[in-house]
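Each remark here refers to the structure printed beneath this line.
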Protein chains: 2
Amino acid sequence: MAAELDKIDFKILKLLQENGRITNLLLSQEIGLSPAPTLERVRKLEMAGYIKSYHALVDEEKLGLGIKTFIQIQLDFHKNNTIQTFLDEVNQIKEVTECHHVTGQADFLLKVYVSDIKAYERLIMDKISKISVVKTFQTMMIMSTTKKEPIVPLEY
Amino acid sequence: MAAELDKIDFKILKLLQENGRITNLLLSQEIGLSPAPTLERVRKLEMAGYIKSYHALVDEEKLGLGIKTFIQIQLDFHKNNTIQTFLDEVNQIKEVTECHHVTGQADFLLKVYVSDIKAYERLIMDKISKISVVKTFQTMMIMSTTKKEPIVPLEY
DNA sequence: GGTTTTTAAGAATAATATTTTGTTTGTTTA
DNA sequence: TAAACAAACAAAATATTATTCTTAAAAACC
């Protein structure tokens, strides 16, 4: 994609973020073009990497994942390859769905899904606290999430 | 959905989380059914709320959102309707894409996308710190994100 | 002002989604 | 055990949508 994105491209991105399964026909009507150039634009956005992927959003609670938490983790940097060791361990833990390397008091912020408190305790006892390079960690239980939006470009 | 989900349903959820735009034909081949019952299962999962929605995932950096942060916020509960006041204000801020009510030191954890440090300063100065019920806040800049996966049911 | 490039529309074709119908499978009940 | 019922599935027909191709219009460039 040589030039920059225009207003129509942003509108496509916005609509596809909101509804990733909208048909090309509907999409074309929403943006005021015919299906052919609409599809061409979507393909270009995909090819150029503006659209990375498409995903279904599932209801975690209905699937028995009643507990969502963020865990802040401080590492012990007295050992070698501290960060890589940590990342290797964390990647093994399927309950961890996000892992962010952050600035501030903590070194990493993890997002975790488990079914209940017992499962959370097991996660902490058997997995998190067993990672050798973890110095301290602190749990933030998510009581409710009041906003969770797709990222919409700010312009336009 | 009267009964519980079976192995095939979980497989559908997994596949749709990974690729929200997979065609019903491909999906049916992956799970080993014909298109008709496959579609029927997907519709049931949607109707029953197991699948909440579909979304395109965009590349924030390509769209000029170079800075991602988490902000921990402590509220001042000496006023009335502290939480509702906070939520009303936060909902106005388009840079805030997630807002979690959490336990621990902080009361809320926000996820924020902005274009650069200048924009971040403006956000802090003009918006976050102007919310009357905010007592303290602490920024975690995301340096990198090494894991970001859809939630896959743990069973099977 | 003419030329090139880009973008879009329309029409034809291909692929897929969706519906309908009938069959199988499994379960319940007498 | 057999009969009746319900649920799930497959196959085929139809409807809808995606995709490609060709042509026209618009914009950018020289």
Side-chain angles (χ1 to χ4, degrees), chain A residues 1-59 61-64 150-156, chain B residues 1-59 61-64 150-156:
Chain A
M1 190 160 294
E4 279 315 302
L5 305 185
D6 65 10
K7 207 169 254 180
I8 296 178
D9 292 318
F10 278 103
K11 204 164 181 186
I12 290 175
L13 289 175
K14 182 169 184 293
L15 290 166
L16 284 177
Q17 280 188 103
E18 288 166 359
N19 178 7
R21 271 207 133 171
I22 189 173
T23 64
N24 187 59
L25 191 62
L26 256 176
L27 185 62
S28 71
Q29 290 161 359
E30 293 277 349
I31 65 174
L33 288 182
S34 70
T38 301
L39 188 66
E40 193 183 353
R41 277 169 180 267
V42 172
R43 292 284 176 265
K44 275 185 187 174
L45 290 169
E46 289 169 355
M47 290 301 125
Y50 288 96
I51 296 171
K52 291 201 282 192
S53 48
Y54 298 89
H55 305 278
L57 188 64
V58 303
D59 189 316
E61 294 187 14
K62 272 186 185 285
L63 291 170
I151 309 127
V152 181
L154 312 175
E155 302 90 320
Y156 304 113
Chain B
M1 190 158 292
E4 280 315 301
L5 306 185
D6 65 10
K7 208 170 252 181
I8 296 178
D9 291 318
F10 278 103
K11 204 163 179 185
I12 290 175
L13 289 175
K14 182 169 184 293
L15 290 166
L16 284 177
Q17 279 188 105
E18 288 167 357
N19 178 7
R21 272 206 131 172
I22 189 175
T23 64
N24 186 60
L25 191 63
L26 256 175
L27 184 62
S28 71
Q29 290 162 358
E30 293 278 348
I31 65 174
L33 290 183
S34 70
T38 301
L39 189 64
E40 193 182 352
R41 276 168 179 268
V42 171
R43 292 282 176 265
K44 276 185 185 172
L45 290 168
E46 289 169 353
M47 291 300 125
Y50 288 96
I51 296 171
K52 292 201 282 191
S53 48
Y54 298 89
H55 304 279
L57 188 65
V58 302
D59 189 315
E61 293 187 15
K62 271 187 186 284
L63 291 169
I151 310 126
V152 182
L154 313 174
E155 302 89 320
Y156 304 112

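All of these numbers come straight from a predicted model, not from anything done at the bench. What's counted below: heavy atoms across the whole structure, side chains too, no hydrogens, waters or symmetry copies. Lettering follows sequence order; numbering is per chain, from 1.
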Item to check | Rounded interatomic separation in angstrom, taking CG from B/Asn24 and P from D/dT16 | outcome: 17 Å

Checklist entry - Between atom CG in A/Leu33 and atom P in D/dA18, what is the gap in whole Å? => result 15 Å

Item to check | Short side-chain N/O contact from A/Arg43 to OP1 or OP2 of D/dT19, under 4.0 Å | outcome: yes

Checklist entry - Could you state the CD1-C1' distance from A/Ile8 to C/dT7, rounded to the nearest angstrom? => result 10 Å

Checklist entry - Do any N or O atoms from the side chain of B/Asp59 and from the backbone of A/Lys52 form a donor-acceptor pair under 3.5 angstrom? => result no

Item to check | Criterion side chain to side chain donor-acceptor pair (under 3.5 Å) on B/Glu18 and A/Tyr54, from CA distance to verdict | outcome: CA-CA 7 Å; B/Glu18 288 167 357; A/Tyr54 298 89; over 6 Å; no

Checklist entry - Rounded to whole angstroms, how far apart are CD1 on B/Ile22 and C1' on D/dA18? => result 17 Å

Next on the checklist: Of the options D/dA18, D/dT19, C/dT16, whose atoms approach the side-chain atoms of A/Thr23 most closely?
Outcome noted: D/dA18

Checklist outcome for this item: In whole angstroms, the gap separating C1' of D/dA8 from CZ of B/Arg41 amounts to 8 Å

Next on the checklist: Can you measure B/Leu39 atom CG to D/dA10 atom C1' for me and round it to whole angstrom units?
Outcome noted: 14 Å

Item to check | Salt bridge flag under 4.0 Å for residues B/Glu40 and B/Arg43 | outcome: no

Checklist entry - What is the distance, rounded to the nearest whole Å, between atom NZ of B/Lys44 and atom P of C/dT18? => result 16 Å

Next on the checklist: Checking contacts here: which listed nucleotide (C/dT19, C/dA9, D/dC9) is nearest the side-chain heavy atoms of B/Ala36?
Outcome noted: C/dT19

Item to check | Test: B/Arg41 and B/Asp6 ion pair at under 4.0 Å | outcome: yes

Item to check | d(CD, B/Glu40; P, C/dT19) in whole Å | outcome: 11 Å

